[in-house]
Amino acid sequence: MKLFKGKIYTKSVKFKLVMQGIKYAPGPRTQSLAYNKKRNRLYMIADDSVISVPVSKLGKLKKSDVQSTQFSAKREFEGMQFTSDGSSYLLTNKGAEIMQGSTKSF
C-alpha cells in the first residue's frame, strides 16, 4: 500500500509519496481512511479489517508501529470517525449500522 502526505491549501494541494509503504493492505480494497487526533494515528479501513500507523513515523515505520485488527463479523466496513476524546464510530453496510467503540478500542 502506498502512502502520501501533504497539505491542502485554499487554492492548491501538495502531496508527495512517503518513501515507505505497507506490505499488506488491510484487505483487497481499502474502503476509507480515518485520523485519531488523540492517538495521532492514521487508520486504513477495509471489510472486517483495520490497520493503523503513527502519523509522526510515516516514512520510518517499524513493524512494531503497525497495529492490525482482523474481525470475523463478515461485515462491510465503510468508514470510521473519532471524537475529540478518541472514541471511535465505525460505519458498516449490509447490516447498515454505526458501532461505537471505547477510547481504548483503537
Side-chain angles (χ1 to χ4, degrees):
M1 176 184 332
K2 292 181 181 179
L3 300 173
F4 293 81
K5 70 180 186 178
K7 294 187 178 188
I8 299 174
Y9 300 97
T10 306
K11 296 185 179 187
S12 66
V13 295
K14 293 188 181 191
F15 287 95
K16 66 178 183 175
L17 178 64
V18 174
M19 295 313 291
Q20 177 184 30
I22 295 176
K23 187 172 185 178
Y24 299 105
R29 290 179 193 87
T30 303
Q31 299 290 98
S32 67
L33 296 172
Y35 174 69
N36 184 340
K37 184 177 179 180
K38 181 93 172 172
R39 295 189 64 212
N40 194 34
R41 292 186 75 86
L42 179 66
Y43 292 76
M44 285 122 321
I45 295 96
D47 293 342
D48 264 356
S49 183
V50 177
I51 289 178
S52 73
V53 296
V55 172
S56 60
K57 293 187 177 182
L58 285 176
K60 46 191 180 294
L61 292 167
K62 298 177 187 171
K63 285 184 183 181
S64 60
D65 294 325
V66 180
Q67 294 179 353
S68 177
T69 305
Q70 180 67 44
F71 298 88
S72 59
K74 306 218 184 303
R75 305 283 298 274
E76 289 188 21
F77 292 178
E78 299 298 328
M80 180 182 278
Q81 290 296 318
F82 293 90
T83 63
S84 59
D85 72 354
S87 294
S88 59
Y89 290 88
L90 179 65
L91 175 65
T92 66
N93 189 12
K94 297 201 176 164
E97 186 174 22
I98 296 177
M99 295 187 224
Q100 182 180 10
S102 70
T103 56
K104 296 180 183 176
S105 294
F106 293 100

Starting at CG of Leu17, measure out to CZ of Phe4 and round the result to the nearest 0.5 Å.
4.5 Å
Applying a strict under-4.5 Å side-chain criterion to I, L, V, M, F, W and Y, I'd like to know whether Met80 and Tyr89 cluster together.
no
Are Leu42 and Val66 connected in the hydrophobic side-chain network, where two residues link if heavy atoms are under 4.5 Å apart?
yes
Can you tell me how far CG of Leu33 sits from CD1 of Ile51, rounded to the nearest 0.5 angstrom?
11.5 Å
How would you list, by chain and number, every residue that makes a side-chain contact (heavy atoms from CB on, under 4.5 Å) with Leu3, sequence neighbours excluded?
Met1, Val18, Ile22, Met44, Leu58
Name the orientation class of the two ring planes belonging to Phe82 and Tyr43 (parallel below 30°, tilted from 30 to 60°, perpendicular beyond 60°).
tilted
To the nearest 0.5 angstrom, please state how far the CG atom of Leu90 sits from the CD atom of Glu78.
9.5 Å
According to salt bridge (Lys or Arg N to Asp or Glu O under 4.0 Å), does anything in residues 45-68 pair up with another residue at least two apart or in another chain? List the pairs.
Lys57-Asp65
Identify, with sequence neighbours excluded, every residue that meets side-chain contact (heavy atoms from CB on, under 4.5 Å) alongside Ser56.
Asn40, Pro54
Residue set satisfying salt bridge (charged side-chain N to carboxylate O under 4.0 Å, His left out) with Glu76, at least two apart, ordered chain then number -> Lys94
Pairing residues for Thr30 by the side chain to side chain donor-acceptor pair (under 3.5 Å) criterion, not counting sequence neighbours
none
Straight-line distance of Gln31 CD to Asn93 CG, nearest 0.5 Å
9.0 Å
Residue pairs fulfilling salt bridge (Lys or Arg N to Asp or Glu O under 4.0 Å) with at least one residue in residues 12-38, sequence neighbours excluded
none
Taking Ser32 for the side chain and Ile45 for the main chain, is one N or O donor matched with an acceptor at less than 3.5 Å?
no
What distance do Ser87 atom OG and Asn36 atom CG have between them, rounded to the nearest 0.5 Å?
9.0 Å
